[in-house]
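What you are looking at is a predicted structure, and each value in this text was computed from that prediction instead of being measured. Residue numbers begin at 1 in each chain, while the letters A, B, ... track the order of the sequences.
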Amino acid sequence: MAYWLMKSEPHEFSIDNLKEKRRQSWDGVRNYQARNMMRDDMKKGDLAFFYHSNCKEPGVAGIVSICKEAYPDNITFGRKGKEVKGNEDPDNPTWFMVDVQYKRKLKRTIKLSDIKAESTLKNMQLVRKGNRLSVMPVSKAEWDHILSME
DNA sequence: GCCAACGTTGGC
DNA sequence: GCCAACGTTGGC
């Protein structure tokens, strides 16, 4: 089983929105690296941190599980409410999405600044300079460490 | 709102 | 294939 981190802008789709809906397709990813990970490496039952980005208090807000493996993302107006270019050729899709299921909110948001302050987490992809991936792998050690900060 | 750090596009 | 211009992400 693998661990992941998935970013969402809370004013567009937050952990509370997911808590209400219980389950949601993670559509709108239009980055090849992120797509490859979703399509090739994400398996049902994997766990992911729900990360709030581009907001007042960026950080890990909750935990979700992957409840459906990658399938074509044909949604034009996505989860984020933004228009995104879809799959022009339905027989040969370029873009994929997975479904995630709400597991729980963390007792507190583990802020990006908290994570940055942990020297043992300094190699996390999340805190590497210039990282803009919306989906990224998290090691078991990193996963456990962040949960220990809850 | 600013801007660094990417990724993408398109002319050549 | 190179690379400048442009668009996007996302912290601050």
Side-chain angles (χ1 to χ4, degrees), chain A residues 2-21 24-42 46-66 69-100 102-139 141-150:
Chain A
Y3 298 97
W4 306 93
L5 182 144
M6 301 170 88
K7 293 179 181 174
S8 186
E9 303 186 18
H11 63 277
E12 286 163 348
F13 190 76
S14 72
I15 187 74
D16 289 318
N17 296 136
L18 182 64
K19 185 178 181 182
E20 230 167 272
K21 296 192 65 176
Q24 172 68 35
S25 59
W26 202 266
D27 54 78
V29 173
R30 293 297 182 270
N31 171 282
Y32 288 104
Q33 256 184 287
R35 177 211 60 185
N36 290 348
M37 287 188 280
M38 285 204 300
R39 186 190 57 188
D40 304 333
D41 301 326
M42 268 192 180
D46 284 357
L47 294 175
F49 285 136
F50 193 113
Y51 180 88
H52 284 169
S53 71
N54 213 355
C55 57
K56 199 173 177 187
E57 198 173 76
V60 175
I63 297 175
V64 305
S65 66
I66 308 304
E69 292 178 16
Y71 59 106
D73 174 1
N74 293 308
I75 292 172
T76 311
F77 286 91
R79 167 179 51 83
K80 294 181 165 189
K82 281 182 187 164
E83 188 174 10
V84 284
K85 209 187 251 185
N87 290 318
E88 275 68 34
D89 179 1
D91 295 327
N92 187 21
T94 303
W95 303 115
F96 290 81
M97 58 188 173
V98 298
D99 286 0
V100 301
Y102 175 82
K103 296 291 277 187
R104 68 179 181 90
K105 279 177 81 167
L106 297 193
K107 296 188 198 91
R108 67 178 189 96
T109 295
I110 310 298
K111 290 181 285 178
L112 179 62
S113 57
D114 297 333
I115 293 170
K116 281 183 170 170
E118 293 288 312
S119 61
T120 49
L121 294 176
K122 67 176 187 295
N123 287 324
M124 268 191 88
Q125 281 210 28
L126 179 68
V127 298
R128 280 191 215 149
K129 201 175 184 182
N131 180 47
R132 290 165 33 195
L133 272 182
S134 60
V135 175
M136 65 181 81
V138 172
S139 75
E142 291 160 354
W143 180 274
D144 290 342
H145 190 101
I146 286 176
L147 284 185
S148 77
M149 296 161 66
E150 194 176 350

Item checked: Donor-acceptor side-chain pairing of A/D27 and A/S25 below 3.5 angstrom -> yes
Margin query: What residues from residues 91-99 of chain A pass a heavy-atom cutoff of under 4.0 Å to DNA chain C?
Written below: none
Check: OP1, OP2 of C/dT9 versus side-chain N and O of A/Y51: anything below 4.0 Å?
Finding: no
Check: To the nearest Å, how far apart are A/R128 CZ and C/dG11 C1'?
Finding: 18 Å
Next item on the list: Report the nucleotide, chosen from B/dT8, C/dC12, C/dG10, that has the shortest atom-to-atom distance to any side-chain atom of A/L112.
Entry: C/dC12
Margin query: Rounded to whole Å, how long is the line connecting atom CD of A/Q125 with atom C1' of C/dG11?
Written below: 17 Å
Next item on the list: Check whether any side-chain N or O of A/R128 sits under 3.5 Å from a backbone N or O of A/N123 as a donor-acceptor pair, and report yes or no.
Entry: yes
Next item on the list: Quick one: label A/L126 by what it contacts on the DNA or RNA (base, sugar-phosphate, nothing), any heavy atom closer than 4.0 Å.
Entry: nothing
Next item on the list: Without swapping roles, check the side chain of A/R108 against the backbone of A/M149 for a donor-acceptor pair under 3.5 Å.
Entry: yes
Checklist line | Residue pair A/D114 / A/T109: nearest heavy atoms and the distance that separates them | finding: OD2-O, 4.3 Å
Check: Which nucleotide sits closest to the side chain of A/Q33: B/dT8, B/dG7, C/dG11?
Finding: B/dG7
Note to self: From CG of A/L133 over to P of B/dT8, roughly how many Å is that when rounded to an integer?
What the structure shows: 10 Å
Note to self: Under a 3.5 Å distance rule, please check whether A/N36 uses its side chain to pair with a backbone N or O of A/Q33 as donor and acceptor.
What the structure shows: no
Note to self: Nearest heavy atom decides the nucleotide; on that basis, is A/N54 or A/N131 closer to the 5' end of DNA chain B?
What the structure shows: A/N54
Check: Which residue, A/R30 or A/K129, contacts DNA chain B at a nucleotide closer to its 5' end, judged by nearest heavy atom?
Finding: A/K129
Checklist line | Any donor-acceptor N/O pair, A/E150 side chain to A/K107 backbone, under 3.5 Å | finding: yes
Notebook entry, point to check: Taking only side-chain nitrogens and oxygens of A/K56, does any of them come within less than 4.0 Å of OP1 or OP2 of C/dG10?
Noted result: no
